[in-house]
Amino acid sequence: MFRPRTLSILMEELCRLPGIGEKTAQRLAFYILRTPQERAQRLAQAIVEVKEKIIFCSRCRGITEADPCALCTDASRDGGLICVVEDPSDVFLIERTGVYKGLYHVLMGALSPLDGIGPDQLTIDALLARVERGGIREIICATNPNMEGEATVLYLARLVKPHGIRLTRLAHGLPVGGHLEYADEITLSRSLEGRRDI
Amino acid sequence: MALYRSDAFVLRTYKLGESDQIVVLFTRDYGKLRVVAHRNRRGHSRTASYYQPLTRLHVIAYGRPTRSLYQTHSVDIAQAFRVLHEDFNLLSCGLYMTELIDISTQDRQPAPELFALFDEALEALAGAGQVPKGAPASVLTTRQHERQRVTPPMVLRHFEISLLTLSGYALQLSECAHCGGELPPGACGYNARAGGLVCDTCAATRHTLKIGHAACGYLRGMMGHVPLPEMLPDTAAQQEMERLLHLHLTTCLGREIKSYPFLYL
């Protein structure tokens with residue numbers, strides 16, 4: 001099929017993005033083609049800058065432009081509380097709730113015995129170093145509720161419990177606005193176990 | 001279009017697109033089947049909790065026999081083995097067995113004996129996590145006095161030996177695996193290429209792993225060559241058995257087992 005070389009290159013690059021197929025890539029490429037020059041340049045500049053300026057925070061391993069990140073240096077946040085998440089994007093999900101006021105630690109993945117992803121490939125050592133420095137009273141494990149997430153939580157429990165720190169994990173339960181009849185047995189049983197007083 | 005109705009274990013899952021998953025199932029009647037679980041990675045999926053390793057399901061799948069991916073018509077949990085998900089040691093052991101089953105089986109090649117072995121081993125492992133409360137008897141531990149043997153490492157050793165035997169890679173323990181001669185009565189050498197214990201003459205010219213008398217005796221007992229000793233072997237003998245079986249497994253299966261290091265974390 002005839003297509004200008006530059007347009008083909010743009011489409012190929014767009015196709016590499018998650019959730020973008022060939023048709024969507026073509027639609028986006030033509031949108032970029034039609035868009036004013038300065039807007040296209042702002043998009044290109046934003047992509048270049050995000051790659052150049054974003055670094056990982058040396059304390060929490062979250063993404064930031066300045067090290068340490070704004071969350072780690074915010075004096076109003078509770079320094080005794082650490083929320084452990086798998087990916088940097090999870091930090092923003094939890095921040096969106098507006099409920100959590102502690103610090104974070106990003107593991108950069110989860111333990112996966114079946115894929116051979118062990119503790120050495122995660123930032124568990126850095127978390128332990130933070131624990132050993134003291135001042136932490138609770139660690140909240142906000143890993144995904146799947147086998148990898150469970151393995152990570154159980155492994156962390158083994159390492160953190162001897163330090164006398166409270167270790168908790170996010171509740172498993174029914175989604176708000178859902179219906180009981182559509183809940184599966186495992187979620188329902190965990191909801192019952194995790195019931196709370198009113 | 002064919003319909004596949006069977007009990008199945010979840011071996012592993014792969015991401016498919018934005019929100020779907022490919023689930024590798026080990027079915028009792030049809031061997032390994034790969035099914036597509038649509039929208040399984042979204043929070044409101046009803047079946048997301050079903051498709052976790054170490055879960056036994058009742059599955060009805062359908063699809064063309066010539067295709068490699070199937071669709072699920074219905075799925076229900078038969079057993080969740082929750083105790084295995086609550087202890088890191090037990091979880092590691094369970095996932096190690098899951099990986100061994102995954103490596104040793106082929107797509108659409110029925111292996112009901114392996115299915116039964118995996119089922120019994122997971123039951124025994126779940127029981128090992130509850131020994132003080134009275135573990136359920138299983139084929140691996142039929143006699144009352146054998147309950148003391150239901151420790152996670154010994155469940156793994158039984159599982160490894162049975163898996164090797166059922167896969168056609170049984171250890172040669174009754175005679176020299178190289179020359180067929182008589183084995184010495186005490187400690188022996190194990191040679192991976194020969195596939196079993198070797199006599200002193202053959203061991204002199206080959207790289208061998210030294211296996212003590214107690215470990216040799218217990219291995220022979222587990223394979224049914226001699227009655228199983230009443231008492232568990234000591235820690236040193238258990239370590240020898242573990243090293244031998246790991247070497248034999250990696251040699252026979254031709255690859256490292258990714259979940260093996262997790263047994264020692």
Side-chain angles (χ1 to χ4, degrees), chain A residues 17-21 24 86 90 93 110-122 124-125 141 143-161 167 169-193, chain B residues 10-15 17-21 23-24 40-55 57 75-103 255-265:
Chain A
L17 299 176
I20 307 282
T24 312
E86 290 182 15
D90 297 338
L93 287 176
L111 288 185
S112 178
L114 294 176
D115 296 313
I117 299 173
D120 298 346
Q121 288 150 276
L122 309 178
I124 290 176
D125 285 348
C141 294
T143 53
N144 289 327
N146 53 21
M147 185 274 295
E148 290 85 359
E150 279 177 3
T152 310
V153 170
L154 293 172
Y155 182 68
L156 285 180
R158 183 187 279 190
L159 300 178
V160 168
K161 283 276 175 75
L167 188 76
R169 66 169 307 170
L170 296 187
H172 297 153
L174 300 167
V176 176
H179 288 266
L180 212 58
E181 66 175 307
Y182 296 117
D184 62 276
E185 298 93 317
I186 293 180
T187 306
L188 205 51
S189 66
R190 291 195 180 180
S191 306
L192 280 168
E193 283 169 12
Chain B
V10 178
L11 294 184
R12 61 177 307 157
T13 56
Y14 297 98
K15 288 179 183 175
E18 281 292 285
S19 57
D20 302 340
Q21 273 183 327
V23 184
V24 183
N40 217 38
R41 284 156 56 210
R42 293 193 178 171
H44 51 75
S45 167
R46 191 174 188 270
T47 56
S49 65
Y50 295 178
Y51 293 128
Q52 298 294 324
L54 307 177
T55 308
L57 307 169
V75 56
D76 274 310
I77 287 190
Q79 193 164 0
F81 295 105
R82 279 196 62 184
V83 68
L84 302 183
H85 294 260
E86 289 162 2
D87 179 278
F88 188 74
N89 277 341
L90 297 179
L91 183 66
S92 303
C93 292
L95 292 174
Y96 171 72
M97 294 197 291
T98 302
E99 187 180 357
L100 284 180
I101 287 286
D102 192 19
I103 299 170
R255 53 168 275 192
E256 281 298 320
I257 301 152
K258 288 177 184 172
S259 54
Y260 177 72
F262 287 79
L263 299 175
Y264 302 97
L265 282 181

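Chain naming here is simple, since letters A, B, ... match the order of the sequence lines and numbering starts at 1 in each.
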Determine, stepwise, if the pair A:S189 / B:R82 fulfils side-chain contact (heavy atoms from CB on, under 4.5 Å).
CA-CA 11 Å; A:S189 66; B:R82 279 196 62 184; 3.5 Å; yes

Give the intermediate values and the outcome of side-chain contact (heavy atoms from CB on, under 4.5 Å) for residues B:N89 and A:R158.
CA-CA 10 Å; B:N89 277 341; A:R158 183 187 279 190; 2.9 Å; yes

Spacing of NE2 belonging to B:H85 relative to CD1 belonging to A:I186, to within rounding of 0.5 Å:
7.5 Å

Minimal non-hydrogen separation, A:M147 against B:L95, with atom names
SD-CD1, 3.3 Å

Looking at A:L114 and B:P53, what are the two nearest heavy atoms and their distance?
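Looking at all heavy atoms of both residues, the shortest contact is CD1-CG, 4.1 Å.
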
Less than 4.5 Å to any heavy atom of chain A: does that hold for the side chain of B:E99, its backbone, both, or neither?
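Interface part for B:E99: both.
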
Heavy-atom contact with chain B under 4.5 Å, split by part of A:A183
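When you check distances to chain B, only backbone atoms of A:A183 fall under 4.5 Å.
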
Under a 4.5 Å heavy-atom cut-off, does chain A meet the side chain of B:L265, its backbone, both or neither?
both

Against chain A, work out which of B:T98, B:L54, B:D87 has the most heavy-atom pairs shorter than 4.5 Å and name it.
B:D87

Let me know if B:S92 has heavy atoms under 4.5 Å from chain A in its side chain, its backbone, both or neither.
neither

Chain A contact via B:E256 - side chain, backbone, both or neither, heavy atoms under 4.5 Å:
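Neither part, no heavy atoms under 4.5 Å.
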
Give, for atom CG of A:D115 and atom OG of B:S259, the distance between the pair rounded to the nearest 0.5 Å.
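So the CG of A:D115 and the OG of B:S259 are separated by 10.5 Å.
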
Determine, stepwise, if the pair A:E185 / B:D76 fulfils side-chain contact (heavy atoms from CB on, under 4.5 Å).
CA-CA 9 Å; A:E185 298 93 317; B:D76 274 310; 4.2 Å; yes

Please give me the minimum heavy-atom distance between B:F262 and A:I117, naming the atom from each residue.
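Of all heavy-atom pairs spanning B:F262 and A:I117, the closest is CZ-O, 3.1 Å.
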
Chain A heavy atoms under 4.5 Å from B:L11: which part of the residue, side chain, backbone, both or neither?
backbone

